[in-house]
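These notes concern the structure reproduced below.
So that the names make sense, note that chain A is the first sequence line, chain B the second, and so on, each numbered from 1.
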2 protein chains.
Amino acid sequence: MSIPNFRPTPASLPPPNAGLVLRQPKGLPANFQPLNPLQFILRAAEIYPDKLALLHSDVKYPVAYSFAVWCQRIQNLAYALIKAGIKPGDRVAVIAPNSGKLITVPLDANHGVLAAQAVPCLINTRLKPSEVAYILEHSGSSIILVDHEYVHLLPQDPKVPVVVCHDTGRAGDPYEEFLTSGRAYSQERGWAGLEYTSDEYAPATLCYTSGTTGRPKGVVTTLRGSYLAAVANAYESRIHLESTYLWILPMFHAAGWTFPWATVFGFATQITMRTVDYPLIWKHFLNSGVTHYCGAPTVQIGIVNDPAAKRLPQSISAIIAGAAPTASLIASLEEIGIQPIHVYGLTQYGPFTRNYTQPSWDGLSLQERSKFMAYQGHPFATAQDARVVYPPKSDDDVLVDVPRDGKTVGEIVTRGNIIMKEYFRDPEATKKAFRGGSFNTGDLAVIHPGGAVAVVDRSKDIIISGGENASSLAIEQELASHPCVLEVSVVARSHHKWGERPYAFVILKPKSKAKWKNRHSAFEQSLKSHAKERLPGFACPEWVQVVDELPKTSTGKILKVDLRKRVAALAKL
Amino acid sequence: MSIPNFRPTPASLPPPNAGLVLRQPKGLPANFQPLNPLQFILRAAEIYPDKLALLHSDVKYPVAYSFAVWCQRIQNLAYALIKAGIKPGDRVAVIAPNSGKLITVPLDANHGVLAAQAVPCLINTRLKPSEVAYILEHSGSSIILVDHEYVHLLPQDPKVPVVVCHDTGRAGDPYEEFLTSGRAYSQERGWAGLEYTSDEYAPATLCYTSGTTGRPKGVVTTLRGSYLAAVANAYESRIHLESTYLWILPMFHAAGWTFPWATVFGFATQITMRTVDYPLIWKHFLNSGVTHYCGAPTVQIGIVNDPAAKRLPQSISAIIAGAAPTASLIASLEEIGIQPIHVYGLTQYGPFTRNYTQPSWDGLSLQERSKFMAYQGHPFATAQDARVVYPPKSDDDVLVDVPRDGKTVGEIVTRGNIIMKEYFRDPEATKKAFRGGSFNTGDLAVIHPGGAVAVVDRSKDIIISGGENASSLAIEQELASHPCVLEVSVVARSHHKWGERPYAFVILKPKSKAKWKNRHSAFEQSLKSHAKERLPGFACPEWVQVVDELPKTSTGKILKVDLRKRVAALAKL
């Protein structure tokens, strides 16, 4: 695919016979190559130089780059950063919109910043200026790359150089001038003028948690972990030369779950958009040969409920994380030809477990099968252990696994190469996170007889109703199967008699809105009966509130902290 | 698939809720898991315990094992070895026939020996007793696992314990008794009673080169390299849950190119046979849902020319290495639905480069396309650099790449994680192999403008004819396109005027034998005319000899050293 009248800037064109090998650090043995996901773009540019790597077409100034051209731009970025004084280990802040809105910045950064041996710090664009200021300060970023629409998020006096990108890809755009300055600075030394880091445990990315509680924490991943996770994501999702990946997931969310690298590892084409725009998503699904995308269930719900939704001519794999897909979502996806791949992970490592389809599910009803498909499953290709353990009583306590009974609730702890390096500048939080020699996720789960992990809730999302632990997640799963429910979120409300009771916030399906108009108590009755057939009494919602939308983080996670505040503001019971 | 009346031995049945995690070495950080291909079988047994892992059906005592059962047998082997006194780092010799003839030994060994932190030394079954004795002595193997048909290869007094396998999988078989003893010795401590090695550069396997010149050298691979190579092979060959891999390649050849692990990484089913038996291969192709196999071109020629060969109902991927496939072989494979994947590697690391299909080949004739498909190509997924360099003048000389002109001949040098650790007990050969900081392959090659490497010959296979360098490989490629030629090998013969001249040994296609019967000079004429149309004069064969078979190594490589001896014995010219 090419864009009429578009030519990459002269600085983006690689010289003929461009070498694509970085300088090796002196003294490395021939059988040790520090794992580094930067290797993938060099390989892609070498083997498939002319293949379409990036397409950013739905903007005033569309661009399309081959692997060779994109790779040159990445090299230019590395040199431009070095020229700007960036040293190995420095942080480079990137503020660019959700789904590759500014294609060049977040995607370039995940490669070009690494090529300068620096660390991309991808900042959530939906944060408030004060939060952005905190992250810029805490990360100690030495330079800021920012999309023109997000300049207002920056402090008045950022104290460090700022490069604005107008998302044009044309001469005159300050970001393009920055890249061009890098090319000039390189004096055509090319990749051989840059050096691989010899330490595969050097930082790869710095992403801040969404901070639903307290200040966001800076998650530092490793090059080794990013390499292995990206390879696993490409393998598990079967991303190859013929694949086309559509960017719906924000790249600042856990470094795009390593898909900026996984797609390049597989030589796939990437398509980016400035916003999560459902009609545009459907345009690409139907016309651009999309084969893969990632997204939280809430985004998936938006996709299947868009008026343009219809049976797809090709099969698309949807990698789902952030929460378990409900039965009705799985049915809606499968009906139009989208195959859900349910994975589970955290900012601290991206996808880590996967729900592996079992032969024993053949012949089950969708309802039964979707219960199994909601499990977070088993550690995936290059991940190591995901255990469910009893909470340790002291720091030195040996972790003990809960029985595989699908009932006993414990905490998920993980270990393996793809686990983060540390919380940036927070040794105390790091120590706490690695208590007992594993990473403590804070996610509560059971483990089923087959070894599949199933999250029941974040510790703070458990509702203690009449002395019983009710999982808000399990309640949501059941309420979501009511035919009129589009999306639902359940939190605890204090109760003088029961301690806590479940409070349900519900969005109705568009087609069901008319049916229940001005008949709230009838709908509440219907939903409660639905719940009673499926849940123990203590887990049935005591209150049902129909809303038009639910508060969400920039990454599509429902902000239960906000819902809890709303509930806390209600009269005491 | 199950085998009627077959039940695994009681010791092969895992206990309910068997833990599948080895003890972690103390003090490892949560984000460091030493890469080790042993992890794959544990994951497969956890996620797909009941899936058919191994099928060995074409013998008097057929067996079929699920992942759970096979994994238990591997554990038993580890304990049995420990009981027998095997310590970490010890070598365990395995002498079992070509393609998993004795399924349990070579496949078990690649996992079970690792679980005892020992090193499997897989010995070529076509060697002479004196050669086997040399390897047993040189490797210092502490125990020998041997198939009952190969006991005669052992020295009279092997000085170390010998476990004979009768390939029955039934009680009473000494190998089964050995496994059973391991189970008893474990006292049901299970995997938790074994420990991961904390060093990912510890040895994974010890395989001896075929030693076409001088004594065989022992190649020691690393756990890290084996892990990364296996993942890459699974990714590149697209081996997944639904795949069935047929063992044709000998497992003792470069540790089966890491496919014993790659298949398990992908949860594929493996089928083994005691010999390379073409009718049996076709039986499995047609009835067992085979999707993948590996083999040198000579084996591929046998497959496509078997009387049972016909258009396959499914697509099969054939991983080809050892030599480049000829145009006629590619055509024959594609015609029946076999997709060739041409890779290049050495015992020192297994597959390292791959021929990547290019869009520019679309619309080319088979003849033109197959020229490109014969290139060894680019470093594959987890491999790093494959360069073609001028021969260094001294040990300290910096390696200089030859130009990418497809003409200038240099030597292939490689570096990356999947390169071997060392030559066992041979520091001098190791030092020589790693001269200049890369692994020196001894393979002569050119590099094409697109960066693809193309082997022209082993240094010793170049024919210096009239002062020109003629590649015996290039001559063979052209002669193989003659319609009556099944297989061909070309070596140099001394010549008083030209220095050397090409001498061609040819096997005729079965259907062409009658045509040329008693008409040798007519055939010679026909082949020489064919050559003259395609090759420069100095590269045309001066002599043509029709033979019934060519001398080959156990791994299917043509033994040019034998052909050279035959030629040297002829009258001097």
Task: Closest approach of A/A30 to B/S438 (non-hydrogen atoms, all atoms of both residues) - done: CB-CA, 3.9 Å
TODO: Please report the C-alpha distance between A/D401 and B/V21 in whole Å, then the side-chain angles of each, then the deciding distance to 0.1 Å, and finally whether the side-chain contact (heavy atoms from CB on, under 4.5 Å) criterion is met.
DONE: CA-CA 12 Å; A/D401 294 76; B/V21 180; over 6 Å; no
Task: Heavy-atom contact with chain B under 4.5 Å, split by part of A/P49 - done: neither
- [ ] Please flag which part of A/E422 lies under 4.5 Å from any non-hydrogen atom of chain B: side chain, backbone, both or neither.
- [x] neither
TODO: Pick whichever of A/R404, A/K421, A/R387 has the most heavy-atom pairs under 4.5 Å with chain B.
DONE: A/R404
Open item on the list: What I want to check is whether the side chains of A/Y235 and B/R238 have a donor and an acceptor closer together than 3.5 Å.
Closed with: no
Task: Closest-packed option against chain B by number of heavy-atom pairs under 4.5 Å, given A/I418, A/I419, A/T222, A/N417 - done: A/N417
Open item on the list: With a 4.5 angstrom heavy-atom cut-off, is it the side chain or the backbone of A/L35 that approaches chain B, or both, or neither?
Closed with: both
Task: Residue pair A/F439, B/N31: steps toward the side-chain contact (heavy atoms from CB on, under 4.5 Å) verdict - done: CA-CA 8 Å; A/F439 177 77; B/N31 59 16; over 6 Å; no
- [ ] Would you mind telling me which of A/A381, A/G451, A/G225 has the largest number of heavy-atom pairs within less than 4.5 Å of chain B?
- [x] A/A381
Task: Check against side-chain contact (heavy atoms from CB on, under 4.5 Å), B/R43 and A/H378 - done: CA-CA 9 Å; B/R43 231 179 120 245; A/H378 297 84; over 6 Å; no
TODO: Heavy-atom distances under 4.5 Å only: say whether B/Y227 touches chain A with side chain, backbone, both or neither.
DONE: side chain
Open item on the list: Taking side chain as everything from C-beta outward and backbone as N, CA, C, O, which of these in B/A452 sits under 4.5 Å from a heavy atom of chain A? Side chain, backbone, both or neither.
Closed with: neither
- [ ] Using non-hydrogen atoms and a 4.5 Å limit, figure out which bit of A/E46 sits close to chain B: side chain, backbone, both or neither.
- [x] both
Task: Least distance between heavy atoms, B/F32 atom then A/R415 atom - done: O-NH2, 3.1 Å
Task: Portion of A/P403 that has a non-hydrogen atom of chain B nearer than 4.5 angstrom - done: neither
TODO: Select one option (side chain, backbone, both, neither) describing which atoms of A/T382 are under 4.5 Å from chain B's heavy atoms.
DONE: both
Task: Most contacts with chain A, counted as non-hydrogen pairs under 4.5 angstrom, among B/P34, B/P16, B/P379, B/G450 - done: B/P379
Open item on the list: Is A/A232 close to chain B through its backbone or its side chain, or both, or neither, when contacts mean heavy atoms under 4.5 Å?
Closed with: neither
Task: Separation between CG of A/D385 and CG of B/L20, rounded to the nearest 0.5 Å - done: 11.0 Å
TODO: Output the distance between atom CG (A/N355) and atom CD1 (B/I47), rounded to the nearest 0.5 Å.
DONE: 10.5 Å
Task: Most chain B-contacting option - heavy-atom pairs closer than 4.5 Å, from A/K51, A/Q384, A/Q358 - done: A/Q384
Open item on the list: For A/Q33 versus B/R224, what's the shortest heavy-atom pair and its separation?
Closed with: O-NH2, 3.1 Å
TODO: With rounding to the nearest 0.5 Å, note down the distance linking CZ in A/F267 to OH in B/Y356.
DONE: 5.0 Å
Open item on the list: If I compare all heavy atoms of B/Y48 with all of A/P359, which pair ends up nearest, and what's the gap?
Closed with: CE2-CD, 4.0 Å
